[in-house]
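For reference, the structure is listed below as structure tokens.
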Amino acid sequence: MESNKVINFQSLSQNVGRFNLRNKKFLIPQMNRIGSHLLAATFRGFGIDAKVMENDKGLDLGMEHTSGKECYPCQITTGNILYFMQKEEEKLGDSFKPENYIYFMPEADGPCRFGMYNKYQRIILDSIDKLDRLKIGSLSTDDGYSLSGLIEEEQVRDLRKTSYFSVVVADILDRLLWRIRPYEKEPGTADDFIENSMHEMEDTFAEYGSGNEFDKILGKLEDIVREGEAIIDPAITPKPLIGMVGEIYLRTQVHANQDVIRVLERYGAEVVNASISEWVNYTTYDGLRDAKIGLRLNLKQFRLRAVKEHLKKAVSFGAELFYQQSKQRQVYKRVRSLIDLDEDHKVAHLEKILKEQDLFSFDVGTEACLSIPGIVEYAMEGYNGVVNVYPFTCMPSTLTSAIVRPLMNKLRLPYLDTPYDSSFQPGREAAIRTFMYQAHQHFKRNGRKKFSGHR
Ligand code: SF4
């Protein structure tokens, strides 16, 4: 792909934002595989032509169009969209029209660089022939990832509910895989089973999602969980339990993290990774928290108009958070009556841990707000080790590591940092093996967390 190095700064505001998706192909990057596919199926249920892009072929293109200083997920996603468009052009020839697509790249506000990915990618797309016509659809944490403007206003609420539901169901399917794979009777069965289940669930979301028929979707999920539990060999005794935290893209994207969960399993682990719903709940919680702070400050200064605005925001974020957490609880309750999967903690509880132990503040923001107390919880609950997975030079994860490492030493809980970029580090597997040796020792000395659900 030829770049003509033209920078059009106006395009940063005009061609990045919320655009109506009707009659467009909506391109979703593949972060966690199941979550991206269920989200795409949800959009299809609402009549949007949504597609998940391949994830493992664009890295060379991404590296060609970046300087090497960007965060690794930015390089990967840049490469994937360029690769996808290149293939579409080859396939469609003269009828290829980039304006018929919307590329999805959400953002978060500071202090780290995720908010800049879509602007940076805009500059790259604008510098490539025709791709200046490809718009970037962006949602922001500023308004709790509001979907307003993407489809007809009367459907926005239903789309939001089903999208959130798809995130929770995808988390459960991921957790089901990590729960059954280390104990499967036949190697490979769990992977095949979850892959098929994901496709069945896509059909279910496409059929029932737009009507918010969650009971039907839950019924299907229960069938899958029952079938999945039968894959477990009861003769295999429990293994050391490893908790995973880190940067959301790297810890959930198996190509990017060189399939770290599978490597840990190879050395005898059962792994629980932090969920995607946790991040969604965090952004809503943070919106509510900001609104409450604004409300307090403006009340003190009698700025009545601002008080009204913040009050409105607080009510809206509060209602959203209540909905999300109760929906999540309902789904986990039904699933945990069938199999013992770990549940997420409430974000308010995580903030309380940070305050009580004086480790970090939600005022700073970023995923460190979740990773640090998440690790503390793993330690308190009886996990046998913790892995922090992140892109090389990632700011929030490096912060997490600096704060948590001495704490883990004090608690004598095995802890491993696994920073990733596109290179393969020769010592990585040895580090994981050593970590798992320590986790086995911890398991022998202390046993492991028992989930409160059915086993
Ligand atoms: S979380 Fe880490 S990888 Fe993601 S944008 Fe921030 S610094 Fe980059």
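Hydrogens, waters and symmetry mates are skipped; everything else that's a heavy atom, side chains included, is used.
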Does atom [atom1] of [X] have more than 12 heavy-atom neighbours, drawn from other residues, nucleotides or ligands, at distances under 6.0 Å?
{"X": "Lys51", "atom1": "NZ", "result": "no"}
{"X": "Arg22", "atom1": "CZ", "result": "yes"}
{"X": "Lys346", "atom1": "NZ", "result": "no"}
{"X": "Arg133", "atom1": "CZ", "result": "yes"}

Validation row: [X], [Y] side chains within 4.5 angstrom (heavy atoms):
{"X": "Asp215", "Y": "Arg334", "value": "yes"}
{"X": "Ile124", "Y": "Leu131", "value": "no"}
{"X": "Val260", "Y": "Met244", "value": "yes"}
{"X": "Thr393", "Y": "Lys69", "value": "no"}
{"X": "Ile276", "Y": "Met31", "value": "yes"}
{"X": "Met105", "Y": "Pro29", "value": "yes"}
{"X": "Asn55", "Y": "Gln253", "value": "yes"}
{"X": "Asp290", "Y": "Phe317", "value": "no"}

Heavy atoms only: give me the nearest [X]-[Y] pair and the separation to one decimal.
{"X": "Ser11", "Y": "Asp126", "answer": "OG-OD2, 2.6 Å"}
{"X": "Thr162", "Y": "Asn212", "answer": "OG1-ND2, 2.7 Å"}
{"X": "Asp171", "Y": "Ser275", "answer": "OD2-CB, 3.3 Å"}
{"X": "Ser277", "Y": "Asp344", "answer": "CB-OD2, 4.3 Å"}
{"X": "Tyr72", "Y": "Pro391", "answer": "CB-CB, 4.0 Å"}

Counterpart residues, side-chain hydrogen bond (donor to acceptor under 3.5 Å, both in side chains), relative to [X] (two or more places apart):
{"X": "Lys220", "value": "Glu200"}
{"X": "Gln425", "value": "none"}
{"X": "Arg251", "value": "none"}
{"X": "Glu90", "value": "Lys87"}

Q. Can you list every ring-ring contact (aromatic ring centres under 6.0 Å, His included) pair that touches residues 12-63, not counting sequence neighbours?
A. Phe26-Phe43, Phe26-Phe104

Q. For Ile102 and Leu27, what are the C-alpha separation, side-chain angles and deciding distance, and is it a side-chain contact (heavy atoms from CB on, under 4.5 Å)?
A. CA-CA 6 Å; Ile102 302 242; Leu27 305 177; over 6 Å; no

Only counting residues at least two apart or in another chain, list the ones meeting side chain to side chain contact (heavy atoms under 4.5 Å, CB included) with [X].
{"X": "Ser138", "answer": "Val16, Glu107, Asn118"}
{"X": "Arg18", "answer": "Leu139, Asp143, Ser146, Ser148, Leu150"}
{"X": "Arg262", "answer": "Arg181, Asp191, Asp259"}

Q. So, Gln324 versus Thr284: side-chain donor-acceptor pair below 3.5 Å or not?
A. yes

Q: Indicate whether the side chain of Tyr164 and that of Asn281 have a donor and an acceptor atom separated by less than 3.5 Å.
A: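 Yes, Asn281 and Tyr164 have a side-chain donor paired with an acceptor closer than 3.5 Å.
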
Q) Would a distance-only check, ignoring hydrogens and angles, find a side-chain to backbone donor-acceptor pair under 3.5 Å from Ser166 to Ser163? A)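 Side chain of Ser166 to backbone of Ser163, a donor-acceptor pair under 3.5 Å: yes, one is there.
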
Q. Does any N or O in the side chain of Thr418 come within less than 3.5 Å of the main-chain N or O of Asn388, such that one atom is a donor and the other an acceptor?
A.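 Checking the backbone N and O of Asn388 against the side chain of Thr418, a donor-acceptor pair under 3.5 Å is found.
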
Looking at [Y] and [X], is any side-chain nitrogen of the basic one under 4.0 Å from a carboxylate oxygen of the acidic one?
{"X": "Glu195", "Y": "Arg33", "value": "yes"}
{"X": "Glu207", "Y": "Lys216", "value": "no"}
{"X": "Asp417", "Y": "Arg405", "value": "yes"}
{"X": "Arg226", "Y": "Asp223", "value": "yes"}

Hey, what do you get for [atom1] ([X]) to [atom2] ([Y]), rounding to the nearest 0.5 Å?
{"X": "Cys74", "Y": "Met116", "atom1": "SG", "atom2": "CE", "result": "10.0 Å"}
{"X": "Phe96", "Y": "Lys91", "atom1": "CZ", "atom2": "NZ", "result": "10.5 Å"}
{"X": "Lys308", "Y": "Arg305", "atom1": "NZ", "atom2": "CZ", "result": "9.0 Å"}
{"X": "Met395", "Y": "Thr400", "atom1": "CE", "atom2": "OG1", "result": "10.0 Å"}
{"X": "His310", "Y": "Lys292", "atom1": "NE2", "atom2": "NZ", "result": "13.5 Å"}
{"X": "Gln258", "Y": "Tyr420", "atom1": "CD", "atom2": "OH", "result": "5.5 Å"}

Q) Tyr285: what forms a ring pair (Phe, Tyr, Trp, His ring centres under 6.0 Å) with it, not counting sequence neighbours? A)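 Per chain and number, Tyr285 pairs via ring pair (Phe, Tyr, Trp, His ring centres under 6.0 Å) with Phe362.
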
**Q.** Residue list, ring pair (Phe, Tyr, Trp, His ring centres under 6.0 Å) with Phe114, at least two apart or on another chain
**A.** Tyr117

Q.
Let's go through Lys333 and Gln330 carefully: what are the C-alpha distance in whole Å and the side-chain angles of both, what is the deciding distance for side-chain hydrogen bond (donor to acceptor under 3.5 Å, both in side chains) to 0.1 Å, and is it a yes or a no?
A. CA-CA 5 Å; Lys333 195 173 167 204; Gln330 179 204 357; over 6 Å; no

Q) Yes or no on side-chain hydrogen bond (donor to acceptor under 3.5 Å, both in side chains) for Thr66 and Gln75, after CA distance, side-chain angles and deciding distance? A) CA-CA 7 Å; Thr66 51; Gln75 283 190 319; 3.3 Å; yes

Q. What do the steps show when you test Trp279 against Glu367 for side-chain contact (heavy atoms from CB on, under 4.5 Å), and what is the final call?
A. CA-CA 8 Å; Trp279 172 255; Glu367 275 170 326; 3.5 Å; yes

(Q) Does Leu407 form a side-chain contact (heavy atoms from CB on, under 4.5 Å) with Leu359? I'd like the steps, not just the answer. (A) CA-CA 10 Å; Leu407 198 65; Leu359 291 171; 4.2 Å; yes

Q) Can you list the steps and then say if Asp56 with Tyr83 is a side-chain contact (heavy atoms from CB on, under 4.5 Å)? A) CA-CA 10 Å; Asp56 52 342; Tyr83 180 82; over 6 Å; no

Q | Listed once per pair and sorted, the side-chain hydrogen bond (donor to acceptor under 3.5 Å, both in side chains) pairs that draw on residues 23-32, sequence neighbours left out | A | none

Q | Listed partners of Glu154 passing salt bridge (charged side-chain N to carboxylate O under 4.0 Å, His left out), at least two apart | A |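 Checked Glu154 against salt bridge (charged side-chain N to carboxylate O under 4.0 Å, His left out); zero matches.
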
